[in-house]
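Here the structure is laid out as structure tokens; the discussion comes afterwards.
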Amino acid sequence: MLQAHYQVLRPLTTAHLAQTMTLLCMTAAELRQQIDSELAANPALELVEERRCPTCARLLPPRGACPICSRPQSLTADDPIVFISPREDFYTGSRPNQEEAPEDNYSSAVEDLPTYVLRQIAPELPVADRPMAAYLLTHLNEDGLLEASLVEVARYHHIPLSHVEDVVRMIQHADPIGVGSASPQEAMLVQLEVLAESRYVPELAEEAVRCGMDLLSRHQYTDLARRLRIGTRQAQEIARFISENLNPFPARSHWGDQREASAPPMQVYHHPDILITHLNDDVNGQLVVEIIMPLMGTLRINPLFRQAIRQASEEKIDEWKNDLDRASLFVKCIQQRNHTMQRLMSRVVSIQQSFILNGEAYLKPLTRALLSLELDVHESTISRAVANKAVQLPNGRIVPLSMFFDRSLNVRTVLKSLIERETRPLSDTELATLLAHQGYSVARRTVAKYRAMEGILPAHLRQSPVYVPA
DNA sequence: CTATGGCACGGATT
DNA sequence: AATCCGTGCCATAG
């Protein structure tokens with residue numbers, strides 16, 4: 001029945017194609033903006049009353065029955081229920097005039113680090129300083145460290161250096177604490193300072209970070225002890241405190257020494273574009289996939305407008321006709337987008353079902369190319385649809401949709417559990433053979449890379465490098 | 001000599 | 001066409 005409905009919108013023009021592609025890339029929040037501006041600009045477009053399912057009270061698309069309550073019997077447990085779920089509240093919240101409540105002002109479902117930080121400091125930040133703060137934040141590297149020279153920033157914005165430093169200080173105290181520091185050392189010093197406000201910090205920790213960074217990172221505790229003029233044991237304790245509580249790279253969640261640069265620039269996902277839940281919250285229930293449509297009600301062409309156009313004056317008629325075409329194109333594109341997302345998710349979820357249910361180790365290798373073949377669309381279509389989207393799993397975790405296409409996540413997870421269960425530190429070579437026994441054949445060098453990705457230290461630094469006294 | 005990280009190459013993926 | 005990823009080789013540290 002849905003098929004039939006969507007067949008109607010076949011005629012493809014290049015404009016249609018281009019706009020569908022653009023819409024496909026958008027997250028729900030971006031889509032919302034797009035729709036808002038289109039509604040405001042085009043009188044031919046209107047938003048009509050929503051429909052709710054009489055049984056479950058879900059919001060429904062304009063036509064067709066409730067996808068949950070009236071699902072066909074023929075569906076097996078492997079076929080997830082996929083439908084478009086209109087939810088305005090999800091993205092707009094209580095929008096205007098409350099600039100201070102960060103959770104209510106969703107500009108995007110996927111927020112990058114600069115935005116995330118800016119949002120935190122915005123309330124205290126004088127408006128005049130915003131451009132400068134924004135400039136600073138855009139010059140963070142992927143570790144959350146600042147790569148710009150403060151002197152130059154000051155000169156460029158014609159602001160005293162001390163003022164720039166004040167703003168940097170504010171940034172450093174925002175959530176990934178230490179973000180915006182010039183070096184790992186500086187970041188850690190800030191973290192110490194903040195930590196000291198709420199809990200005990202070993203006396204010489206600051207001293208150790210200040211002058212013993214080189215030794216700390218190489219785990220040379222005897223030398224460190226000598227430099228601080230304390231006992232080795234005390235030095236080890238300080239080192240342990242530091243490695244457990246401080247993070248030299250604020251944008252990374254875990255601490256590893258010199259990690260290889262594969263950690264993605266941190267992104268904070270506030271709100272998913274897609275929800276995956278169990279039917280009726282029953283853990284064994286069928287999977288239900290909701291593709292968020294950030295809008296109550298439904299978009300359509302205003303029928304009054306269509307009538308009015310017949311009696312339009314000569315000058316106006318071209319303009320109005322243009323509006324009408326735009327509006328109907330827009331509606332078609334939106335529907336096309338939804339249709340594609342629906343087909344895509346249906347397939348992805350049924351392929352990766354065991355990943356969703358059982359965790360990362362069960363992720364199957366899946367490429368966009370394979371999927372494009374199955375769904376009979378171009379590869380780039382899949383790429384666009386997958387990019388920048390966030391999915392909420394039944395367990396509540398919000399992950400990027402691209403995780404479903406991660407080729408090595410399952411191996412990495414097995415590797416992690418292998419290391420967690422080890423009794424003595426295993427070398428990369430040993431790990432590689434162990435993995436091979438479990439059917440994952442990867443090269444020794446690759447094990448090292450995966451280790452680094454997960455922020456796991458090399459074998460000789462892993463277990464008990466620090467002796468923990470009672 | 002062993003373990004590991006850097007660099008770079010080639011094939012797959014986007 | 002551009003980018004990502006697994007791997008091999010080599011240098012370096014312990």
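Lettering follows sequence order; numbering is per chain, from 1.
- Taking only side-chain nitrogens and oxygens, A/T446 comes nearer than 4.0 Å to OP1 or OP2 of C/dT7.
- Contact check of residues 377-385 of chain A against DNA chain B (heavy atom, cut-off under 4.0 Å) returns A/E379, A/S383.
- Counted within 6.0 Å of CG on A/N395, heavy atoms from surrounding residues, nucleotides or ligands total more than 12; the atom is thus considered enclosed.
- Counting to the nearest Å, the P atom of B/dT4 and the CG atom of A/L415 are 12 Å from each other.
- The side chain of A/R445 contributes no N or O atom lying less than 4.0 Å from OP1 or OP2 of C/dC5.
- One finds no side-chain N or O of A/Y450 lying less than 4.0 angstrom from the OP1 or OP2 phosphate oxygen of C/dC5.
- Between A/K449 atom NZ and C/dC5 atom P there is a gap of 11 Å when expressed in whole angstrom units.
- With rounding to whole Å, A/R407 atom CZ is found 11 Å from C/dC4 atom P.
- Surrounding OH of A/Y362 are at most 12 heavy atoms belonging to other residues, nucleotides or ligands under 6.0 Å away.
- Remark: P of B/dT2 and CG of A/L426 are 17 Å apart, rounded to the nearest angstrom.
- Checked by atom type, the side-chain pair A/E186/A/Q172 shows a donor-acceptor distance below 3.5 Å.
- For A/R444 against B/dG5, a side-chain N or O and a base N or O form a donor-acceptor pair under 3.5 Å.
- With contacts defined as side-chain heavy-atom distances shorter than 4.5 Å, the pair A/I351/A/L371 qualifies.
- The separation between A/F405 atom CZ and C/dC5 atom C1' is 17 Å, rounded to whole Å.
- The nearest whole Å value for the distance from the CG atom in A/L24 to the P atom in B/dT14 is 16 Å.
- For A/D428 and C/dG8, the CG to P distance is 14 Å, given to the nearest whole Å.
- Between the P atom of C/dG6 and the CG atom of A/L435 lies a distance of 13 Å, rounded to the nearest Å.
- The shortest distance between side-chain heavy atoms of A/T367 and A/E379 does not fall below 4.5 Å.
- With sequence neighbours excluded, no residue forms a salt bridge (Lys or Arg N to Asp or Glu O under 4.0 Å) with A/R407.
- Relative to the side chain of A/A369, the nucleotides C/dG8, B/dT14, B/dG5 differ in distance, and B/dT14 lies closest.
- Identified under the salt bridge (charged side-chain N to carboxylate O under 4.0 Å, His left out) test for residues 348-361 of chain A, with sequence neighbours left out: A/E360-A/R397.
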